[in-house]
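Structure first, then comments.
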Amino acid sequence: MRVGVLTGGGDCPGLNAVIRGVVRKGVQEYGYDFVGFRDGWRGPLEGDTVPLDIPAVRGILPRGGTVLGSSRTNPLKRQDGIRRIKDTLAKEEVEALITIGGEDTLGVAARLSGEYGVPCVGVPKTIDNDLSATDYTFGFDTAVGVATEAIDRLHTTAESHMRVLVVEVMGRHAGWIALHSGLAGGANVILIPEQRFDIDQVCAWIESRFKVRYAPIVVIAEGAMPKDGQMVLKDGSTDSFGHVRLSGVGEWLAKEIEERTGKEARTTVLGHTQRGGTPSAFDRWLATRFGLHAIDAVRDGDHGKMVALRGTDIVRVPLAEATTKLKTVDPKLYAEAGVFFG
Ligand code: F6P
């Protein structure tokens, strides 16, 4: 059997570990051949392929990014998108396609499998950890590690200058990275998209922190919003799945804090540093296991499924179900962190 593999959407530490797991088990145990498609759905749309065999996956386990390349190409936006993908798969004699991606990439895989008879198996990826069907997505742990290290470093410089330091982390609809790194790094305020924040309350926390001669660290997710405001957009542009580009809420917040409290405030936007570089041990472990279980699903002919982590087990869930519900931060979990605010 010949199996296609693609990685789509924003990249994420651990993608290469999945690819390696799929290919190693597929070749060694099942005698399958593989072909890689470049840059997400662009590969099968345009017939752009890359050889994928055991030598091609040697040494990639600790490497960030994806050896297959990625893009946010949406094939469903083109009238001839489905036909072109089917033609490429037929030409390449691909009998099953492993799609590694977030809600957008997997959403396309769900429709291809369910409505158009293209046999897909999905692997969930996103540093945002916001896919409901899985306890964790790989990439998240690495992103939290990067953000926590940044917060640790910012504490000492904030204290030297007695300034407010605002750290903007990724998280469009879900505040998982903000919450986990904020708790791990001892932030004094954590702001997430799920709960609109009151700027007066934020300033009160900041002032109380200064009273005990400590400089506050504020962690804010890029999608967080004040009570009476909207998401801060980068420049109004959107990607091909229609998502607006975010970033800027950290700058806005620092300015508000300066104006309202008279304290100096600066912002650090961690941006793509959270997505780049070597994956953590946990992400390599999870991504490798996802890869091994995805190729097992292909062998079983269990198409239209996504592998997911439940506890320490890897299970299979319907792709359609897996991509419809966002996993957001439970208010109870967020409330737990409140004891450290101010
Ligand atoms: O993968 C999701 C994400 O990390 C979001 O948190 C963020 O808004 C987005 O990617 C930014 O991605 P890009 O800069 O690649 O469009």
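Bear in mind the structure is a predicted one, so any value in this text is a computation, not a measurement. Read the numbers this way: they start at 1 and go in the same order the structure lists the ligands and their atoms. Residue indices begin at 1 and follow the sequence shown.
- Under a cutoff of 6.0 Å and an axis angle of 45°, Lys327 and Trp176 form a cation-pi pair.
- Geometrically, Lys263 engages Phe210 in a cation-pi contact defined by less than 6.0 Å to the ring centre and at most 45° from the axis.
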Could you go through residues 181-191 and list every donor-acceptor pair under 3.5 Å that involves a side-chain atom there, pairing it with any protein atom two or more places apart or in another chain?
unit_1, atom_1, unit_2, atom_2, d
Ser181, OG, Ile177, O, 2.7
Asn188, OD1, Ile217, N, 2.7

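- Aromatic ring pairs are classed by plane angle as parallel below 30°, tilted from 30° to 60° and perpendicular above 60°; the pair Tyr32 and Tyr30 is tilted.
- For ligand 1 and His272, the ligand atoms under 4.0 Å from any heavy atom of the residue are 13 (P), 14 (O), 15 (O).
- Judged by the shortest distance from any of its heavy atoms, Gly171 lies inside the 4.0 Å radius around the atoms of ligand 1.
- The ligand atoms of ligand 1 that sit less than 4.0 angstrom from a heavy atom of Ile127 are 4 (O).
- The proximity of Gln274 to ligand 1, defined as any non-hydrogen pair under 4.0 Å, does not occur for either the backbone or the side chain.
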